[in-house]
Amino acid sequence: MTTSDAAASSTPIPLSQSTYAALPPEVGRPGYDRAKVTASIVHFGVGGFHRAHQAMYVDRLLEDGLALDWGICGVGALPQDRRIVDTLSAQDGLYTLVVKHPDGHREARVVGSIVEMMFAPDDPQAVVDRLADPRTRIVSLTITEGGYVVNQVTGEFDADDPAIRADLEEGAVPRTVFGYVVAGLAARRAAGEAPFTVMSCDNLPGNGDVARRMMTAFARLKDPSLADWMDEHVSFPNCMVDRITPVTAQEDIHRLADEFGVADGWPVVCEPFTQWVLEDHFTDGRPPFEQAGVQLVDDVVPYELMKLRLLNASHQALCYLGYLAGYRYAHEVCQDPLFVDFLLGYMEHEGSPTLPEVPGVDLDAYRHELIERFANPEVRDTLARLCAESSDRIPKWLVPVINRNLETDGEIDRSALVVAAWARYAEGTDEQGEPIEVVDRIKDRVMAAAARQGEDPLAFLRDRDLFGGLVDDERFTTVFTDALSALHQKGARETLQSWSTRVTT
Ligand SMILES: NC(=O)c1ccc[n+]([C@@H]2O[C@H](COP(=O)([O-])OP(=O)(O)OC[C@H]3O[C@@H](n4cnc5c(N)ncnc54)[C@H](O)[C@@H]3O)[C@@H](O)[C@H]2O)c1
Ligand SMILES: O=P(O)(O)OC[C@@H](O)[C@@H](O)[C@H](O)[C@H](O)CO
């Protein structure tokens, strides 16, 4: 009997601490005693990525008996996190990670490293107390790029954000990660305890540095001496994180039940590839991450820039054009030679020349491996996921590439087409006249700018918060307006065809 036959012949087992031992043998599961695991890591943002990445690395260590005191306490800080907290709590923190290989083979493992869950809106003080407790030695974050409240114009902390303003009021009960983390650090300092490390795992250039600047700026507005103490005592290591983790689909839940016999309310699916390059700066100790495959380095910046400007910027390069051309999944786009040429061209001629030397990495091999990863048909990463929150992504990943190439007289044509494709996408109607569901926290603003493009082709670029001074650069605006007009007149596919001759002549 095959795995599927065995699982299909019996009722799927609802996942929990008391049931996981009875799962079919094909399903990996903790071989360690979870009752002995204590949580020294508190994590904010227990989404798909954290569970495919950091929690998986910790699970590996636990499996090897290496980090029993480094379990994870997951915190949902936002009201919409109630569902994940309830689902994981009902499963005693357990969930299934399904790794999808390109040949259709799947591996399923129950991950046991999350041993506590907290829903902050129900009891904010309990979260502050957990952070104040010296048991907490690392606070890690995957709260998305927008979660750092960076003012796009100044690059400084945006104290005008309404939730931040509320957290800054005298005696406020925290509602934001800033409120929680800084209250936890204040309590540690008042008690004369060592602070925890704050470890950002979001896709931001200099993620640790950004977390430091924003957290300290928040603290300074509350209590300048606390900010000084944080500057002196708290570590914020930078890291590069990588594993493509799509949004879990209903079909993933059904297939896990049918093929592996696990009834899991919220499993995570991901690609086989995983990478984590981390600076070794920790205030209060760390798990032996290197024993789980994490690369500990002194300077993570070259790795981060490589990943953000090649992988993440290529996701932007493929998603709007791919969507306009009628595709809905990343693998469909990356199995189309026209798009593959465009992406490789962007990476080689526009992204890569802006990178510093990346120790030990063959960039050409890296670029081709990215195309193979994107083309994995099993992962089913939706273009909708990649097209979301563009205003947090394009300015951080692609605009710096364009600025650098403008300074050095490098190539910009493909990047300009990507920005134009976003501008066209933000018009909210596809090439067949069907509505596009634009997902962006400043959706109204970007869509209003896109709607004005008929009379003013530079309307979209005039948003200096997003594009800085690009609108003043004639070399850039000439290509951008050509690209936008080609997208309107010929559509994405023909524009790409014409671009392939434009960039080679
Ligand atoms: N999915 C991937 O392939 C991937 C890979 C590498 C890195 N990342 C990083 O991880 C982040 C999260 O990705 P994901 O796939 O887990 O998304 P997700 O939507 O599954 O989870 C995001 C979590 O962060 C929380 N969150 C969002 N904004 C917040 C805020 N302001 N304050 C507190 N919590 C907040 C959400 O409520 C949710 O729990 C990405 O934005 C990216 O920076 C993702
Ligand atoms: O998750 P985001 O918002 O940082 O960006 C979308 C994707 O580019 C990203 O999730 C990649 O899949 C990921 O960075 C791969 O490691």
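Both ligands and their constituent atoms are indexed starting at 1 by order of listing. The basis for the numbers below is simple: all heavy atoms, side chains too, and nothing from hydrogens, waters or symmetry mates.
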Does [X] come within less than 4.0 angstrom of ligand 2, counting non-hydrogen atoms of the residue?
| X | value |
| --- | --- |
| Q316 | no |
| I244 | yes |
| F374 | no |

Check: Does one side chain, of Y148 or D202, offer a donor that lies under 3.5 Å from an acceptor on the other?
Finding: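 Indeed, the side chains of Y148 and D202 share at least one donor-acceptor pair under 3.5 Å.
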Heavy atom of the protein closest to [atom] (residue, atom name, distance):
| atom | value |
| --- | --- |
| atom 36 (C) of ligand 1 | D81 OD1, 3.6 Å |
| atom 7 (C) of ligand 1 | N203 ND2, 3.2 Å |
| atom 35 (C) of ligand 1 | L78 CD1, 3.5 Å |
| atom 3 (O) of ligand 2 | R393 NH2, 2.6 Å |
| atom 27 (C) of ligand 1 | I143 O, 3.5 Å |
| atom 21 (O) of ligand 1 | G47 CA, 3.3 Å |
| atom 5 (O) of ligand 2 | W397 CH2, 3.2 Å |
| atom 43 (O) of ligand 1 | E145 OE2, 2.5 Å |

Report yes if [X] has an N/O atom closer than 3.5 Å to an N/O atom of ligand 1; otherwise report no.
| X | result |
| --- | --- |
| F49 | yes |
| T142 | yes |
| D202 | yes |

Ligand 2 to [X] polar contact by distance, N or O atoms, under 3.5 Å:
| X | value |
| --- | --- |
| D242 | yes |
| D381 | no |
| T245 | no |
| N312 | yes |

Margin query: E427: which residues meet the salt bridge (Lys or Arg N to Asp or Glu O under 4.0 Å) condition with it, sequence neighbours left out?
Written below: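 Once residues adjacent in sequence are excluded, the partners of E427 under the salt bridge (Lys or Arg N to Asp or Glu O under 4.0 Å) criterion are R424.
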Next item on the list: Please indicate whether R404 has more than 12 foreign heavy atoms, meaning atoms of other residues, nucleotides or ligands, lying under 6.0 Å from its CZ.
Entry: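 No - once you tally the heavy atoms of other residues, nucleotides and ligands closer than 6.0 Å, there are 12 at most.
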Next item on the list: Would you indicate whether D298, at its atom CG, is surrounded by more than 12 heavy atoms from other residues, nucleotides or ligands within a distance under 6.0 Å?
Entry: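 No - once you tally the heavy atoms of other residues, nucleotides and ligands closer than 6.0 Å, there are 12 at most.
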Indicate yes or no for a side-chain donor-acceptor contact from [X] to the backbone of [Y] under 3.5 Å, with no hydrogens or angles considered.
| X | Y | value |
| --- | --- | --- |
| R34 | G112 | yes |
| Q316 | N312 | no |
| E145 | D392 | no |

Notebook entry, point to check: Got a protein heavy atom sitting under 4.0 Å from atom 19 (O) of ligand 1?
Noted result: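 No, there is no protein heavy atom closer to it than 4.0 Å.
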If you count the atoms of ligand 1 from 1 in the order shown, which ones are under 4.0 Å from a heavy atom of [X]?
| X | value |
| --- | --- |
| G147 | 31 (N) |
| V177 | 32 (N), 33 (C) |
| I244 | 3 (O) |

Check: Among all residues two or more places apart in sequence or in another chain, which pass the side-chain contact (heavy atoms from CB on, under 4.5 Å) test with H331?
Finding: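 If we apply the side-chain contact (heavy atoms from CB on, under 4.5 Å) test to H331, skipping adjacent residues, the hits are Y329, Q335, P377, R380.
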Notebook entry, point to check: Side-chain contact, heavy-atom cut-off 4.5 Å: I41 with F196?
Noted result: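 Sidechains of F196 and I41: no contact.
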Next item on the list: Report yes or no: does a heavy atom of V241 sit under 4.0 Å from some atom of ligand 1?
Entry: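 It does, in that a heavy atom of V241 comes within the 4.0 Å cut-off of ligand 1.
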Note to self: Between ligand 1 and R385, can you find any atom pair, the residue atom being a heavy atom, that is separated by under 4.0 Å?
What the structure shows: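 So R385 counts as touching ligand 1.
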Notebook entry, point to check: Of the backbone atoms (N, CA, C, O) and the side-chain heavy atoms from C-beta on, which set of E389 has a member under 4.0 Å from an atom of ligand 2: side chain, backbone, both, or neither?
Noted result: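 No part of E389 is near ligand 2 at this cut-off.
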Notebook entry, point to check: Heavy-atom contacts under 4.0 Å between R243 and ligand 1: side chain, backbone, both, or neither?
Noted result: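 Contact part for R243 vs ligand 1: backbone (N, CA, C, O).
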Check: Among M240, K396, H315, R385, which residue places a heavy atom closest to atom 1 (O) of ligand 2?
Finding: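 That would be R385.
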Note to self: Suppose I only count heavy atoms of E145 and a 4.0 Å limit; which atoms of ligand 2 are within that range?
What the structure shows: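 Ligand 2 atoms under the 4.0 Å threshold to E145: 2 (P), 3 (O), 4 (O).
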